[in-house]
Number of protein chains: 2
Amino acid sequence: MVQPTPMKDQILSVATDLFAAKGFKGTSIRDISNALGISISNLYHYFGSKEGLLLAILQRTSETLLDDLQRVSEMELEPLERFKRLIETHLRQCRDFGKETRIFMLDKEHLSREGDRANRQIQRRVLAIYLKELGTLANRGLVTSRNLKVLAFNVLGVINWYLRWYRPDGPLSHDEVTEEITAFILNGIRGADI
Amino acid sequence: MVQPTPMKDQILSVATDLFAAKGFKGTSIRDISNALGISISNLYHYFGSKEGLLLAILQRTSETLLDDLQRVSEMELEPLERFKRLIETHLRQCRDFGKETRIFMLDKEHLSREGDRANRQIQRRVLAIYLKELGTLANRGLVTSRNLKVLAFNVLGVINWYLRWYRPDGPLSHDEVTEEITAFILNGIRGADI
DNA sequence: TTGACATTAGATCGAGCGTTCGATAATGTC
DNA sequence: GACATTATCGAACGCTCGATCTAATGTCAA
């Protein structure tokens with residue numbers, strides 16, 4: 001006997017799809033309710049408002065997304081190897097939660113004060129993780145750049161850009177691309193004698 | 001005697017600010033007309049519709065933005081030096097036309113068929129310029145990566161991310177950051193023996 | 001069967017949206 | 001000075017938005 005997916009999860013799933021495809025402002029609550037075949041009031045029953053829906057998506061995603069990165073950053077490994085794993089994990093997250101990440105990369109301006117704070121904190125925590133790793137690498141002389149913050153942003157730029165151009169139905173597999181991107185980043189931070 | 005700025009340009013300027021700040025859907029034509037102290041009908045007199053306004057912004061920007069990159073790519077220089085100049089030019093464009101680029105990075109889904117085509121073509125032309133340069137570098141053995149397309153996307157990721165995190169009022173100057181980013185990218189593409 | 005409660009549907013609201021219209025004011029042309 | 005052209009305006013249109021209200025339905029213990 002299969003447990004039917006709870007309505008709340010169904011709503012979150014469909015809303016995520018629509019928000020990712022048409023944007024937050026571009027998606028009406030009628031769009032969502034129609035796609036699900038339920039009434040508008042039902043949406044309001046589960047999530048108090050349209051933005052409540054957005055916040056729920058943010059919350060649901062951010063937990064798993066950040067915890068995964070955090071876990072990797074706490075692994076006892078060679079710093080370079082750990083950094084590599086961090087990138088791989090992050091790229092996998094981008095693949096699995098691409099739609100959610102897209103929403104908050106594109107529509108962050110439509111969040112309330114509360115949502116905006118939550119969103120910013122997530123971004124800050126991700127940056128902090130990378131900064132810590134880069135600091136460790138720098139201490140071992142594996143990074144020559146002076147400004148670790150710029151370096152971290154560059155790394156995040158490459159990773160975040162991935163979910164803007166990569167198409168799963170294209171010629172390249174996720175693993176191939178991961179390898180290429182990882183190599184690019186590792187070369188980039190190594191700051192060799194150019 | 002100072003020539004007053006033509007109303008058309010004023011509208012374009014204010015609209016660019018608002019679209020960049022609040023998104024296309026998030027900005028009403030009333031917002032724009034209020035910010036300018038003119039009537040809504042006046043907007044429609046100059047640009048036939050809200051999307052006409054967006055298209056005008058796209059057109060005005062894309063010309064100067066792309067032509068600059070094109071010009072650099074046609075310079076007769078050492079390939080590595082030309083690539084470096086390309087990045088510098090691109091970053092300068094991001095600094096000067098950050099708002100415009102933001103609009104079409106965030107709101108491309110709201111363009112009509114015509115606008116979407118124009119926007120895609122711009123992206124494609126930018127990518128083509130980088131692919132050509134990377135190809136030249138690869139021919140001289142300066143790039144070891146197998147997949148130039150992924151490499152080009154990585155480069156664009158770093159550059160485009162710049163206009164998401166860089167704040168002119170922060171501690172870093174544009175030139176400092178440009179130097180850091182250029183070094184990162186050049187190291188990244190060199191694909192050394194890691 | 002009844003009553004309490006959760007869940008649903010559908011009508012409805014005021015606000016805001018993009019857009020249109022007809023009229024007025026300013027400017028240029030002969 | 002008459003006339004065409006351009007620039008500007010206020011008022012309104014039809015529509016969609018997020019949100020709410022009311023009433024009906026389903027569920028299940030007592």
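We use all heavy atoms of the structure for the numbers below, so side chains are in, but hydrogens, waters and symmetry mates are not. In the text below, chain A, chain B and the rest are named by the order of the sequence lines, each starting its count at 1.
Following rounding to the nearest Å, Y44(B) (OH) and dG22(C) (P) show an atom-to-atom distance of 17 Å. The distance from atom CG of L43(A) to atom P of dA9(C) is 10 Å, rounded to the nearest whole Å. The nearest whole Å value for the distance from the CD atom in E51(B) to the C1' atom in dT19(C) is 14 Å. Rounded to whole angstrom, the span from the CG atom of L18(A) across to the P atom of dG18(D) amounts to 12 Å. A straight line from CD1 of I11(A) to P of dT7(C) spans 11 Å, rounded to a whole angstrom. Atom C1' of nucleotide dG16(C) and atom CD1 of I32(B) are separated by 15 Å, given to the nearest angstrom. N34(B) has its CG atom 13 Å from the C1' atom of dG16(C), to the nearest Å. K25(A) has its NZ atom 10 Å from the P atom of dG18(C), to the nearest Å.
Checked by atom type and distance alone, the side chain of T27(B) never pairs as donor or acceptor with a backbone atom of F24(B) at under 3.5 Å. Distance alone, capped at 3.5 Å, is enough to place a donor-acceptor pair between the R164(B) side chain and the M105(A) backbone. For the pair D31(A) (side chain) and S28(A) (backbone), a donor-acceptor distance under 3.5 Å is present. Under the 3.5 Å distance criterion, the side-chain polar atoms of R102(A) are matched with a main-chain donor or acceptor of L163(A).
Y46(A) has a side-chain polar atom (N or O) that falls below the 4.0 Å cut-off from OP1 or OP2 of dT8(C). Contact annotation: N42(A) does not reach the phosphate of dT7(C) (side-chain N/O to OP1 or OP2, under 4.0 Å).
The listed nucleotides are dT19(C), dT8(D), dA19(D); the one nearest the side chain of S49(A) is dA19(D). Among the nucleotides dT8(D), dT7(C), dA19(D), the one closest to any side-chain atom of H45(A) is dT7(C). Taking the side chain of S41(A) as heavy atoms from C-beta on, and the options dG10(D), dA9(C), dA7(D), the nearest nucleotide is dA9(C). You'll find that the side chain of K50(B) is closest to dG18(C), out of dT8(D), dG18(C), dT8(C). Picking from dT19(C), dA19(D), dT8(D) the nucleotide with the shortest atom distance to the side chain of I40(B) gives dT19(C).
Across the strands present, dC30(C) finds its partner in dG1(D); the criterion is a Watson-Crick or G-U wobble pair with both atom distances under 3.5 angstrom.
The residue S28(B) sits close only to the backbone: its heavy atoms come under 4.0 Å of sugar-phosphate atoms, none of a base. Within the nucleic acid shown, T27(A) comes within 4.0 Å of sugar-phosphate atoms alone, with no base atom in reach, counting heavy atoms only. Note on I38(A): only backbone sugar-phosphate atoms sit closer than 4.0 angstrom, heavy atoms only; bases stay farther off.
For dG18(D), its base sits under 3.5 Å from the side chain of R30(A) at one donor and acceptor pair at least.
No single ILVMFWY cluster, assembled from side-chain heavy atoms under 4.5 Å apart, contains both L156(A) and F97(A).
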